[in-house]
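Within every chain, numbering begins at 1; the chains are lettered A, B, ... in the order of the sequence lines, protein sequences first and strands thereafter.
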Amino acid sequence: MDDTNSLIEQRRAKLASLRERGIDPFRNKFTPSESCLEARENYSEGREVQLAGRITAHRDMGKSLFVDIRDQSGRMQVYAQKNALGEEPFEIFKHLDLADFLGVKGTMFTTKTGEISVKAESFVILAKSLRPPPAKWHGLEDTEIRYRQRYLDLISNPEVKEVFLKRSAILREMRGFLEHRGYTEVETPMMQAIPGGAAARPFKTHHNALGCDFYLRIALELPLKRLLVGGLDRVFEIGRNFRNEGLSRRHNPEFTMLEAYQAYGDYESMMELVQGLVCHLAESVLDTLVIEHKDTEGNVVRTIDLNPPWRRVTYKNLVRETAGADWFELTPAQRREKASALGAEIGEAYEDFEVTQAVFEKLIEPTLINPTFVTHAPKQLIPLAKLSPDDPDCVEVFECCINGQEIAPGYTEQNDPIEQRERLEHQAGGEQQKLDEDFLIALEHGMPPAGGIGIGVDRLCMMLLGQESIRDVVLFPQLRPKT
RNA sequence: GGGUUGGUAGCUCAAUGGUAGAGCAGCGGCCUUUUAAGCCGUUGGUUGCGAGUUCGAGCCUCGCCCAACCCA
């Protein structure tokens, strides 16, 4: 990237030439009277405007020329005439490059072909671009450049910009929805002495002044529950989690979670919350409850119908649908054999519940395209939830699956400190995982019964925005640093 | 970690083991309502990096780097 080529040399020469004429093409300030879109919407012949934007096209007619400038709102055509600007300014205008930032003052008019345009009376070069832009109309295809230099992607591919503007809208509506329901947004530490709330490998860092190691958080859960103890009855946090694991189409080492906790709620109230939230997001941002995913040719490959009410089915019943009504009556050895026969890969060391979970993850979850609340998971899977009164093997939880992925787990949260300690100690097992004693002490002070949810915001955005890779909903996805 | 595919001009892509090309962009010229403007001319390459085979390698072989996809 520190390379050079003739195109860059030419632009540097133009910069030098401007400086020789006493022009500084990097201005401190220029105040547009309005955006390009506002100018277009408030068009009247002869109205004077002052606009700014990046030059995205250049059509030279000899003694006059057109350029397109673009700001975030849209595009505006600028018309420059030699006898309107004067000989030397016109010569300078003529040598502007694609991607330069231009400020222009002029009057609005409509061309013969009916396009609203600005006839330039004067102009200012706001920022000279010293490198050529990637493409005029092809767009930028190279995934490596798109991800490493996202700004070029955003300039070249309007649909990419649209995705990220919608992601921003999703986050905004998410906050609005929760605040409207009485939830308070909080911020809790990303650096934790003991990373808890999930089973994942953490990133480690070191604090010099304190002389100790910290871990980047792998979940938001435990600090938020402390706030329930502290009397904040409805809290949520939207923040980054960090997991030191593999990268894939669905995994980025840092990813965004929403977690929300409601005192006096349970897993059922949280199902209502998830359903209401996701429907609100789809309606307010996309204006529809039916999401279509398309391939690169534009063919619809998948349709997700978010219309409520969403299906609710217990984990066991769902497993029986795929693995046989007698699945839970088989012996563990029979289950292992049948799971392999069905096509799930079963590790040597898998415990019995993991065999069933492998069937769920490999054979069932990918088929759950329309929203499905899978309730009552086996208790071994989830140590932070309350046991179900109906089935002591299960916990009062749901996993909301949409688009073949887990999007949102929700629990009736465990608030019995004795029970919680046993479950965590059992989970820690031989791994010598440290218990978060302060969390357990907090529970001993008393936590109200509560429901909680977590939503993987990136995966939610993938589902809502029709993107097949997490890298296409994260502005700066993690790549190996280029040497 | 394993497999597959790919990396050629600023961008998008070509090129039987035999002189590295096109379109666009760029540069120069003509053109005062164009819009993928048009017309004429023209510059631009360490073919990801490094070895090897060969009279000759973008192409074949080996190693490495980066990316995408699939698998673990």
Whole Å only: how far is the NZ atom of Lys119(A) from the P atom of U32(B)?
15 Å
For Ile145(A), which contact category applies under a 4.0 Å heavy-atom criterion: base, sugar-phosphate, or nothing?
sugar-phosphate
Tell me: NZ of Lys362(A) to P of C70(B), nearest whole Å?
14 Å
Please list, pair by pair, any protein nitrogen or oxygen found under 3.5 Å from a nitrogen or oxygen in nucleotides 38-43 of chain B.
none

What parts of residues 459-477 of chain A reach RNA chain B, counting only heavy atoms under 4.0 Å away?
Ser469(A), Arg471(A)
Scan side-chain atoms only and decide if Asp142(A) and Tyr147(A) contain a donor-acceptor pair under the 3.5 Å cut-off.
no
Leu15(A) has an atom CG; how far is it from atom P of G26(B), in whole Å?
18 Å
Donor-acceptor check, side chain of Asp100(A) to backbone of Lys128(A), threshold 3.5 angstrom: yes or no?
no
If you only use heavy atoms from C-beta on, which nucleotide in U32(B), U12(B), A67(B) is closest to the side chain of Glu141(A)?
U12(B)
Let me know the distance between CZ of Arg12(A) and C1' of G10(B), rounded to the nearest Å.
15 Å
Salt bridge between Glu321(A) and Arg311(A), side-chain N to carboxylate O under 4.0 Å?
yes
Sidechain-backbone polar pair: Arg54(A) side chain, Ala99(A) backbone, donor-acceptor under 3.5 Å
yes
If you check the Arg59(A) side chain, which of G26(B), U32(B), U34(B) turns out closest?
U34(B)
Between P of A37(B) and OH of Tyr79(A), the distance in whole Å
16 Å
Check every strand shown and say whether Arg249(A) touches a base, only sugar-phosphate, or nothing at a heavy-atom separation below 4.0 Å.
sugar-phosphate
Name the nucleic acid region contacted by Phe109(A), choosing base, sugar-phosphate or nothing; use a 4.0 angstrom heavy-atom cut-off, strictly under.
base
note: Asn252(A), atom CG; A67(B), atom P; distance rounded to Å ~ 13 Å
Classify the angle between the aromatic ring planes of Phe398(A) and Phe373(A) as parallel (below 30°), tilted (30 to 60°) or perpendicular (above 60°).
perpendicular
Tell me whether the side-chain N or O atoms of Ser64(A) pair up with the base of U33(B) as donor and acceptor below 3.5 Å, since no angle test is needed here.
no
Plane angle bin for Phe109(A) and Tyr79(A) - parallel if under 30°, tilted between 30 and 60°, otherwise perpendicular:
tilted
For a quick check under 3.5 Å, do Glu345(A) and Tyr350(A) share a side-chain donor-acceptor pair by atom type?
no
Does atom CD of Glu329(A) have more than 12 heavy-atom neighbours, drawn from other residues, nucleotides or ligands, at distances under 6.0 Å?
yes
Which of A67(B), G26(B), U33(B) is nearest the side chain of Met61(A)? It is U33(B)
Side-chain donor-acceptor pair under 3.5 Å between Gln77(A) and Ser117(A), yes or no?
yes
In terms of side-chain heavy atoms of His95(A), which of G26(B), C11(B), G28(B) is nearest?
G28(B)
Checking all strands, does Gln81(A) fall into the base, sugar-phosphate, or nothing category for heavy-atom contacts under 4.0 angstrom?
base
Check the distance between U34(B)'s C1' and Lys63(A)'s NZ and give it to me in whole angstrom.
16 Å
Of the nucleotides U34(B), A25(B), A68(B), which has the atom closest to the Glu115(A) side chain?
U34(B)
With sugar-phosphate meaning primed atoms plus P, OP1 and OP2, does Asp142(A) contact a base, only sugar-phosphate, or nothing at under 4.0 Å between heavy atoms?
sugar-phosphate
Identify which nucleotide among C66(B), G26(B), U33(B) has an atom closest to any side-chain atom of Phe66(A), counting heavy atoms from C-beta outward.
U33(B)
Give Glu345(A) one of three labels, base, sugar-phosphate or nothing, depending on what nucleic acid heavy atoms sit under 4.0 Å from its own.
sugar-phosphate
Of the listed nucleotides G26(B), A72(B), U34(B), the one nearest the side chain of Lys14(A):
G26(B)
Got more than 12 heavy atoms from elsewhere within 6.0 Å of CD, Glu48(A)?
yes
Could you tell me how far apart Glu9(A) (CD) and G44(B) (P) are, to the nearest whole angstrom?
12 Å
Quick check: on RNA chain B, is the nucleotide nearest Asp97(A) upstream (toward 5') of the one nearest Pro132(A), or the reverse? Name the residue that is more 5'.
Pro132(A)
Side-chain (Arg167(A)) to main-chain (Val473(A)) donor-acceptor, under 3.5 angstrom:
yes
